[in-house]
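Quick notes on the structure that follows.
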Amino acid sequence: DAWLRYAALPCEIRKAASVPAGIVALNNTETSPVYTAGQELHKGILGILQNDLAVTSTPINGSSITIGTVDAFNSAGGALPELDLKNDGFWLGIKGDSVQIVGQNERGALYGTFQYLSMLAQGNFTEVGYESNPSAPIRWVNQWDNMDDTGTHGSIERGYAGPSIFFAEGLIVEDLTRVSQYARLMASIGLNGIIVNNVNANVNLLNSTNMAGLGRIADAMRPWGVRMGISLNFDSPRTLGKLTTADPLDEGVIQWWDRIAKQLHDHVPDFAGVLVKANSESQPGPLTYNRTLADGANLFARAIKPHGDGIVMFRAFVYDNTINETNWKADRANAAVDFFRELDGKFDDNVVVQIKYGPIDFQVREPVSPLFGHLQQTGSVVELQVTQEYLGQQCHLVYLPPLWKTILNFDMKVDNQPSLVRDIVSGERFNQKLAGYAAVVNVGTNTSWLGSHLAMSNFYAYGRLAWEPTSDDVSILEDWTRLTFGSDRTIIDTITKMSMESWPAHENYTGNLGIQSLTDITGPHYGPKPQSQDGNGWGQWTRADATSIGMDRTVWNGTGYSGQYAPEVAALFEDIETTPDDLLLWFHHVPYTQQLKSGKTVIQHFYDAHYAGAAVAQTFPKQWEALKGLIDAERYDEVAFRLEYQAGHALVWRDAINDFYFNMSSIKDEQGRVGNH
Ligand code: GCU
């Protein structure tokens, strides 16, 4: 149940509630989100307030909770205030024991219901009357689940919580109970779409058995207002269809995809759309056939267009993973803008470009992808990661909203106008109908969903921020904590303190000053391995040698990357003096003895930061002890185990990285710690 436990409130708090006498769900077809909302309210109120309320569909005046769409309220003759609701938005009105939950559509009514239940579960009985609208239309989850037709059981790429809840042995699983529970979690935080299979897509998802299976998945999620889409493999016409080409302009290929789109629609009438990774990491794509990326995206856009309002999410993660490190002008970070800049305006209107938050790959700190400033005639979707691929893989506590907020609040200053990333991905800044959010979540069959209880705050916060990116990261966390563990002040204060310390600490012990996550990048992306960054074609280089470190990404002397930003931002990063310390080595190649704004040298900062970060992680087990007896023993122990592990692993990180740079630079730690342990 994650944060939807509906634990009973203490008796004295329950008594203060004026509980409505019944629940009225106005739109009551069994699979409709409003029907679901009625059932969820029943369940929630039974748990939280211990009242067993009847659910009906006939309007009653007075003491009731009435849920429905604006239209349903109007036809039932209900009195509504003047409303200005966007798609999926809702109005929540609580007055004494009369509650109105009004959705612009059915989904909105369900979201309003979850909002009301969240208040009750936190013992909040305030009278309210307000509208709430999502910041952006696209609020999706991406799962990187494999089909595993070669025998392994439901693996998930970069998934750390057990096998897939969707697939096993090449097929869609029979029992989709967990899938509908997942949709319930998504709905409770306002998420409205999901891509169910890995971006590195297996063509067998499109065989006839699996098409039918996709229909079952969509059926399981529909009552929760979650629409389903899939990742496509660009090469499918060749590998599955046995055509001789996958050229996006080839008539046979076009017809092949048209047929697939029609079949998908037959099984999934409200098909959400497709996610496409092409010409990335040595995979085929339109460039393989000398076509543009837009030709590739539009191929799918045109195939799905006749069948409803599904969309194409074309990923901007297009780059060459065999670039040459001896060329000081080569830079993987340049790739997205280089590939997409000229294509703005060339995409069909049901295409959006899905852009990872930084130009490399979900690092502990990256500057915002400059591509957000270049697509003005095409909708942009920001891709975040809840699964902690580079950030400790759920074995480390890292509360991610502070990182995400550095991205969403960044001002790209396009055309000298305020251009916050959150206003670009809301569609507002460039007036786009389609825009929004996608996060790689990768839940698995582990009962905690993500394999770690505390990691779930990231999933919860993702939905909350996609709905309202200006929400405060601490209050989101406090809501999550109350819903997950209860309202005791010690619980809330402890989890808040640890969580808010966790990202800065992680950055300190895994890769600071913008050098990126110094993990094993050619292997599992886990644990320290600074030597793996360089000497390969992946382009996550540090260019560290005996005297200096960092990527020169300036225009005047380096790869030219900084010039991909609007002039004011470019000038900031071009100049060593104005580049913030936390991105110094991202943008500049400097001697280890370079002075930072803090007055320290780069190398001394490395040493100190790794000690400081690891020291913070070592306080976590002790901090957690304050919760002993305040939460159930099972979750207490499971979290304690992980925090203890993190405390130890942070030391491994600290020493591995510090030793590596000490050996490389031969510069002593002023405090005499490094090399002496
Ligand atoms: C990273 C990740 C891969 C993933 C890729 C992508 O490189 O490690 O597992 O396939 O990103 O986002 O496409």
Side-chain angles (χ1 to χ4, degrees), residues 140-148 152 154-161 164 167 194-203 205 229-235 274-287 293 296-297 312-323 331-333 335-336 339-340 352-364 366 369 371 380-394 400 404 407 437-444 462 510-511 516-527 529 532-533 536-541:
W140 287 18
V141 152
N142 289 179
Q143 283 283 134
W144 285 356
D145 296 32
N146 292 318
M147 303 292 302
D148 286 342
T152 25
S155 69
I156 301 177
E157 181 152 341
R158 315 301 178 190
Y160 312 108
S164 171
F167 308 110
I194 182 168
I195 298 289
V196 289
N197 62 313
N198 194 350
V199 282
N200 302 313
N202 185 322
V203 293
L205 186 59
I230 58 172
S231 298
L232 290 183
N233 183 313
F234 193 84
D235 226 15
V274 298
L275 178 64
V276 185
K277 172 177 181 179
N279 290 120
S280 171
E281 306 188 325
S282 306
Q283 295 199 33
L287 303 176
L293 295 171
V312 175
M313 321 268 278
F314 201 82
R315 290 178 91 223
F317 191 61
V318 177
Y319 74 100
D320 179 3
N321 58 349
T322 59
I323 48 175
D331 190 356
R332 167 173 164 186
F339 279 116
F340 283 84
V352 294
V353 177
Q354 181 166 316
I355 309 169
K356 287 190 184 184
Y357 61 80
I360 296 285
D361 199 13
F362 304 129
Q363 301 297 288
V364 71
E366 288 187 61
S369 169
L371 186 58
S380 296
V381 164
V382 62
E383 184 175 315
L384 307 172
Q385 243 192 1
V386 167
T387 192
Q388 294 169 230
E389 176 181 347
Y390 289 90
L391 303 176
Q393 306 189 350
Q394 277 101 288
L400 295 167
W404 295 338
I407 302 294
Y437 292 76
V440 185
V441 178
N442 290 355
V443 302
Y462 164 61
T510 63
Q516 304 173 70
S517 307
L518 295 170
T519 186
D520 183 354
I521 68 142
T522 53
H525 298 182
Y526 191 73
K529 198 168 182 186
S532 70
Q533 313 287 307
N536 57 55
W538 288 94
Q540 295 182 216
W541 305 322

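Atoms within each ligand, like the ligands themselves, are counted from 1 in listed order. From a predicted model like this one, the values you see are computed outputs, not experimental measurements.
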For this session: On the 0 to 90° scale, with breaks at 30° and 60°, tag the Trp404-Tyr462 ring pair as parallel, tilted or perpendicular.
Result: perpendicular
For this session: List for me each residue that meets side chain to side chain contact (heavy atoms under 4.5 Å, CB included) alongside Asp320, sequence neighbours excluded, and say none if there are none.
Result: Thr322, Ile323
Problem set entry | Under 4.0 Å from ligand 1 - residues by heavy atom, chain and number | Trp144, Glu157, Arg158, Val199, Asn200, Lys277, Glu281, Arg315, Phe317, Lys356, Asp361, Glu389, His525
Exercise. Would you call Lys356 and Glu366 a salt bridge, taking side-chain N to carboxylate O under 4.0 Å as the test?
Worked result: no
For this session: Mind checking ring-ring contact (aromatic ring centres under 6.0 Å, His included) for Tyr160 and listing every partner two or more places apart, or none if nothing turns up?
Result: none
For this session: Output the distance between atom CD (Gln533) and atom CD1 (Ile521), rounded to the nearest 0.5 Å.
Result: 5.0 Å
For this session: Apply side chain to side chain contact (heavy atoms under 4.5 Å, CB included) to Thr510 and list each qualifying residue two or more places apart in sequence or on a separate chain.
Result: Val364, His506, Trp653
